[in-house]
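Keep in mind that the numbers below use all heavy atoms, side chains included, and drop hydrogens, waters and symmetry copies. Bear in mind that the values here come from a model prediction, so they are computed numbers and not experimental data.
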Amino acid sequence: LGVWLLRSYNASWPAAFLVGAVFLSSSIMLTFSYTRHLGIVKTPLGRSLRSLVVIEDLASTLVVFLVFQGVAEPGRFPLPILLGLLLCSVILLRMFLPELVLFAFRKLDEQGNRKEEKLRVLLAVLIGVIAFYSATGVHAVVAAFLVGFSLAGLPEVEPAQEKLRTLGYGIFVPVFLFVIGTELNF
């Protein structure tokens with residue numbers, strides 16, 4: 001819809017795809033919050049809604065990434081190589097990151113169940129992956145999503161996930177939205 005709308009006004013293709021990505025994007029934060037609030041997270045409807053929103057957001061993020069890479073100055077890597085590196089790194093993250101985190105958690109369990117240290121391990125992993133992706137020109141939000149995606153389904157991560165959810169929704173999301181609001185100047 002967004003692509004068609006802008007192209008009908010003779011906008012450039014990059015601008016049309018960018019607006020199309022904005023129209024495609026949904027609010028993952030709201031959908032996840034509402035499904036949790038309504039208690040339908042584990043129902044087929046809740047799982048379908050969450051999966052659909054994630055797929056839509058990933059698609060729109062990819063479109064925005066490609067548009068910006070296409071109109072920006074050439075970066076460290078040509079676009080095809082960058083996409084190949086990203087795809088390989090996502091596969092490697094999904095394969096090995098859970099095993100590394102579980103190994104660290106087992107070592108901590110041997111020393112006594114240390115929940116706070118487990119949270120620190122997750123934060124260290126998150127910061128490390130964000131640093132790696134930032135060096136390749138990928139936004140930190142995408143890197144953080146990939147860490148979460150890689151660790152999804154690990155029961156050992158759930159206690160730390162609750163703490164991070166509280167921290168994220170209680171501090172980071174409101175601060176992010178405040179900053180975005182202050183940057184709007186009509």
Side-chain angles (χ1 to χ4, degrees), residues 1-5 17-68 86-87 89-102 104-105 113 115-116 118-130 133-134 138-184:
L1 176 65
V3 174
W4 174 80
L5 182 66
F17 278 115
L18 188 60
V19 171
V22 169
F23 276 111
L24 177 64
S25 181
S26 60
S27 178
I28 196 167
M29 177 180 62
L30 289 174
T31 304
F32 274 53
S33 294
Y34 281 129
T35 54
R36 190 172 35 262
H37 176 72
L38 295 173
I40 61 170
V41 171
K42 298 194 187 276
T43 66
L45 175 62
R47 285 193 298 270
S48 295
L49 283 171
R50 287 172 150 225
S51 298
L52 182 62
V53 166
V54 168
I55 290 168
E56 285 179 345
D57 276 5
L58 284 175
S60 67
T61 300
L62 180 62
V63 169
V64 169
F65 175 76
L66 291 173
V67 167
F68 283 144
L86 291 176
L87 180 61
S89 68
V90 168
I91 292 168
L92 289 173
L93 271 178
R94 186 74 175 162
M95 288 173 57
F96 296 111
L97 192 61
E99 295 302 320
L100 289 172
V101 168
L102 289 175
F105 281 9
N113 193 356
K115 292 182 182 180
E116 296 305 318
K118 290 179 180 181
L119 181 60
R120 288 186 187 121
V121 166
L122 287 179
L123 289 174
V125 165
L126 181 60
I127 291 168
V129 172
I130 287 173
Y133 278 100
S134 293
V138 176
H139 197 278
V141 172
V142 175
F145 170 80
L146 292 174
V147 170
F149 173 71
S150 298
L151 299 177
L154 291 179
E156 295 85 352
V157 174
E158 288 179 14
Q161 180 183 4
E162 275 304 313
K163 291 180 181 182
L164 290 173
R165 179 180 295 124
T166 301
L167 185 65
Y169 284 112
I171 296 174
F172 295 128
V173 171
V175 169
F176 171 75
L177 293 174
F178 171 79
V179 169
I180 296 298
T182 60
E183 291 178 0
L184 295 177

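Distance check, rounded to the nearest 0.5 Å: NZ of K42 to CZ of R50 gives 9.0 Å.
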Between side-chain atoms of residues 142-164 and protein atoms elsewhere (two or more places apart, or another chain), which donor-acceptor pairs fall under 3.5 Å?
unit_1: S150; atom_1: OG; unit_2: L146; atom_2: O; d: 2.8
unit_1: E162; atom_1: OE2; unit_2: R165; atom_2: NH1; d: 2.3
unit_1: K163; atom_1: NZ; unit_2: E116; atom_2: OE2; d: 2.6

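Residues passing the side-chain contact (heavy atoms from CB on, under 4.5 Å) test with L87 are I91, sequence neighbours excluded. In this structure, the side-chain contact (heavy atoms from CB on, under 4.5 Å) partners of T43, at least two apart in sequence or on a different chain, are I40, L45.
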